[in-house]
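Please read the structure below before turning to the comments.
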Amino acid sequence: MTPILLTVYPDECDVFGHLNQASFLSLFERARWETLRAGPGMGLFDRTGTWPAVRKTTIEYHASAFPGDVLRFDQDLTHLGRTSFTMRQVARRTRDDALIATAEFLFVCVNRKGRPVAVPREFNEFMAARRRAAGEVQRRTVNGVSLAVEVRGEGPAVLFVHGYPLDRSIWAHQMAALEGWCRIAPDLRGMGQSDAPDLGYSMETYAADLAALLDMLGVDDVVLVGLSMGGYVAFEFLRRWRGRVRGLVLVDTRAEADTADAKRSRDAVAATAREDGAEAIAEAMLPKVLGASTLAGSPATVERVRAMMAATPVAGIVGALAAMRDRPDSSAMLPGLAGLPTLVIVGDEDGLTPPARARSMTDAIPGANLVVIRSSGHLPTLERPVETTDAIQAFLGGLP
Ligand code: MLT
């Protein structure tokens, strides 16, 4: 992202020579205008008949700045609503990279009569393109929860949804390798580096988080890739936002709901998580999620998955278990996916969602293809990353 550089002048400082707190407001505002000037132009809001009115300001002053200091201002959106948005700004001194001040401005867009109106699409797209170019892990607040999301590359968007109790790093190889696509991998609420609220987990909520996240990133439609629980989320997303999905990749997942036994087992696992913590869940799950070949021949992958699971917040584990227990059956949806290019991937050693189940799911989706990844269990993206990336790449390359 192009930062804005502004110099501190004596007339902005107090009698002790410090940059005055009131002057910060002007500098933050100047930095915002400069950001627009360097992008779509200062007339963006005027063109759309909207005006961003400041509703709330929070500034933290971290260190003093003095005349002659050059400050670097970085601007980013941390929340985007229909008529409001929050811009976070950070000011650092270029000479020593000292953090000088951070600020958050909440804006409400109003028309000339002062009535709230939608945030101009052009503005959101401009800010989103800046973020994509930055290619870093970002934090976005959606539905009241702060999510970590990694965005890499330019091009049509691919959204990667991980399983339970995992995080976005299961897609590391695909995120690095699938050039020519804008790759988006969030941590679902309750997992990875995202916030883990105590309550509020369901497939509907996970899917709504993803839709809101795409809105914030300025992305209309995606190729949706879901692994295991990520596949359950994908089915929910399709139920509500089919028009935003231009291709589907289902990895080691199933369309059926939990059986009565499986539901009981979810509650038992939740009790274990509450009593013994995430480590106990990781120990119990490792032999189930990883294939025999990985367990025997790839200790680094075993340790990586163990650490990922053990780091999952208990609230996120318990919430995901309840969400999976209560998810609806999506089998009836499969024939209706006709016309949506679909790839099903499964590891040949997956005991949780075995190849036979993947095959019957593929058969139920008109036109879908199945790729079986050899010597892999439930997590082919990690266990056989190259083969899995190749399969996804070939599918993406064939999309209309
Ligand atoms: C997952 O990998 O997401 C879980 O194994 C899914 C499940 O337990 O149904």
Side-chain angles (χ1 to χ4, degrees), residues 159-171 174 185-192 194 196 201-203 205-207 209-210 224-237 249-273 278 280-291 294-295 301-302 304-314 316-331 344-347 349-355 357-358 361 373 376-384 388:
L159 176 62
F160 293 98
V161 190
H162 63 77
Y164 152 92
L166 304 165
D167 64 36
R168 65 177 195 279
S169 68
I170 66 160
W171 307 108
Q174 295 72 43
D187 284 334
L188 293 173
R189 62 168 62 204
M191 294 189 239
S194 289
Y201 295 87
S202 64
M203 288 305 148
T205 315
Y206 291 128
D209 286 350
L210 296 180
L224 188 52
V225 186
L227 183 144
S228 198
M229 188 185 98
Y232 312 158
V233 178
F235 286 127
E236 190 58 41
F237 192 96
V249 182
L250 298 167
V251 188
D252 296 80
T253 192
R254 69 177 82 205
E256 297 84 11
D258 276 2
T259 61
D261 273 354
K263 284 180 199 282
R264 273 193 289 278
S265 150
R266 301 280 189 204
D267 292 338
V269 176
T272 305
I281 304 301
E283 283 311 316
M285 281 204 72
L286 266 180
K288 295 187 199 153
V289 293
L290 295 174
T294 307
L295 288 166
T301 306
V302 177
R304 185 171 162 196
V305 176
R306 184 201 308 276
M308 198 187 312
M309 290 177 165
T312 306
V314 168
I317 291 179
V318 172
L321 286 164
M324 290 192 285
R325 179 196 61 201
D326 299 338
R327 75 186 190 278
D329 196 301
S330 298
S331 316
V344 178
I345 295 178
V346 70
E349 298 174 1
D350 185 355
L352 290 175
T353 46
R357 187 179 284 274
M361 184 167 70
I373 305 286
S376 173
H378 194 57
L379 304 180
T381 60
L382 280 180
E383 293 177 72
R384 295 283 159 217
T388 308

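Ligands are counted one by one from 1 in listed order, and the atoms in each one are counted from 1 as well.
- Close approach of ligand 1 to G163 is summarised as follows: ligand atoms under 4.0 Å from at least one heavy atom of the residue are 3 (O).
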field: Verdict with reasoning, H162 to D167, per side-chain hydrogen bond (donor to acceptor under 3.5 Å, both in side chains)
entry: CA-CA 6 Å; H162 63 77; D167 64 36; over 6 Å; no

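- With respect to the salt-bridge test (charged N to carboxylate O, under 4.0 angstrom), the residues D187 and R168 qualify.
- In this structure, atom 6 (C) of ligand 1 lies nearest to the protein heavy atom S228 OG, 3.0 Å.
- With a 4.0 Å heavy-atom cut-off, ligand 1 is reached by the side chain of R266 but not by its N, CA, C or O.
- Remark: ligand 1 atoms within the under-4.0 Å shell around heavy atoms of Y232 are 6 (C), 7 (C), 9 (O).
- For ligand 1 and H378, the ligand atoms under 4.0 Å from any heavy atom of the residue are 1 (C), 2 (O), 5 (O).
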message: I'd like to know whether Y164 forms a side chain to side chain contact (heavy atoms under 4.5 Å, CB included) with I281, so could you lay out the CA-CA distance, the side-chain angles of the two residues, the decisive distance to 0.1 Å, and finally the verdict.
response: CA-CA 11 Å; Y164 152 92; I281 304 301; 3.8 Å; yes

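- With R266 as reference, D258 is the one residue of D326, D261, D258 to meet the side chain to side chain donor-acceptor pair (under 3.5 Å) rule.
- When only interatomic distances are considered, the shortest N/O to N/O separation between M229 and ligand 1 falls below 3.5 Å.
- Residue contact check: M324 has heavy atoms under 4.0 Å from atoms 6 (C), 7 (C), 8 (O), 9 (O) of ligand 1.
- Within the 4.5 Å cutoff, the side chain of D252 has no heavy atoms near those of the L379 side chain.
- Using a 4.5 Å heavy-atom threshold, the side chains of W171 and L382 count as separate.
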